[in-house]
Amino acid sequence: MAQRPIALAVQGGAGPISLESYKRNRPAIGEILGKTAPMLVDGASAMQVVEEAVRLFEKHPSFNAGVGSSLRYDGSVQLDATIMDGSTVMGAGVGAVSGVLYPVTLARYVLERTPHVLMVGEWAAQFARECGMELVADEELIVPERRRLWERKLAAKETPEDQVLSSGGTVGAVALDVEGKLAAATSTGGLVLSLQGRVGDSAILGAGTYADAHSAVSCTGVGESIMRVLMAKVCADAVVNGMSPQEAAELSVRVQGDNTPGTSGAIVVDNRGALGLAYNSENMYRGYFTPAEGVVVPE
Ligand code: GLY
């Protein structure tokens with residue numbers, strides 16, 4: 001009997017990523033895939049695998065999520081995340097929450113333990129406490145490189161508006177499991193210098209994250225631009241309408257770039273295990289796994 005297809009793709013952010021940074025952080029993408037692809041092979045659900053992949057990114061100091069998050073204008077850290085199960089078309093997110101090392105897991109708790117789709121701010125942090133998550137101080141999420149970037153940008157008198165146009169980074173994962181179920185998850189520390197209380201696309205289903213019976217999508221880039229075109233839903237609907245995941249990823253990036261400022265990227269997997277990865281920025285940290293190709297992290 002033919003093996004049922006499985007597939008996994010991850011992204012660690014798109015934007016003005018130099019070749020040097022890409023090369024430096026490329027091994028981490030391979031390590032994250034190296035830990036999560038075997039889970040998929042061993043029969044873990046797509047939801048388990050995308051959550052674990054995003055948690056590994058959140059723990060890694062080089063990516064803008066969890067530890068390593070961007071600093072807001074006032075120097076604080078506020079996080080957004082979503083997770084979505086394509087088999088039920090159920091998902092949930094958290095926005096502008098502080099002190100949570102694994103926001104993707106908090107998003108999963110919102111999905112599984114509340115009737116809600118989005119919880120924000122101090123109330124989301126309170127909910128994290130009620131779920132038994134240990135809250136950490138901002139200092140534990142801030143790495144020196146991000147603090148230096150924030151200081152440089154403040155000194156250059158950049159405003160939140162400048163930032164909206166120039167950067168954006170998230171982490172995310174999409175997977176198809178052996179049961180034929182799809183899932184997507186996305187997490188971010190948001191935009192450096194953004195105002196407190198700002199919520200980006202990574203907290204919004206249909207914008208940064210989407211999954212249904214046909215595909216699962218995770219987007220990265222400038223949240224304000226992604227939200228205004230509902231980029232993940234554009235990508236997912238293109239798959240429903242017959243596009244391949246690669247065509248759909250390219251279309252969604254084009255729709256963003258043609259209609260809103262800033263840059264973006266998308267990863268997508270469909271229910272046959274085909275993958276799409278596209279971006280219109282300088283670069284995107286990315287990689288994928290299929291049984292035929294193994295773990296692939298582009299040079
Ligand atoms: N895409 C991440 C953000 O804009 O918050």
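One-based numbering, in listed order, for ligands and for the atoms of each.
- Remark: ligand 1 and T170 share no N or O pair separated by less than 3.5 Å (distance only, no angle test).
- Each of the atoms 5 (O) of ligand 1 lies under 4.0 Å from some heavy atom of G190.
- Q256 places a side-chain N or O within donor-acceptor distance of the main-chain N or O of T260, the cut-off being under 3.5 Å.
- Side-chain atoms of Q78 come within 3.5 Å of backbone atoms of G197 as a donor-acceptor pair (strictly under, hydrogens ignored).
- For atom 1 (N) of ligand 1, the nearest non-hydrogen atom from the set G223, A207, G221 belongs to G221.
- The two residues P38 and L33 come nearest to each other via the heavy atoms CD-O, 3.9 Å.
- Annotation: R198 places an N or O atom under 3.5 Å from an N or O atom of ligand 1; distance criterion only.
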Notebook entry, point to check: Going through the distances and angles, do Y102 and E51 end up as a side chain to side chain donor-acceptor pair (under 3.5 Å)?
Noted result: CA-CA 9 Å; Y102 297 115; E51 181 186 3; over 6 Å; no

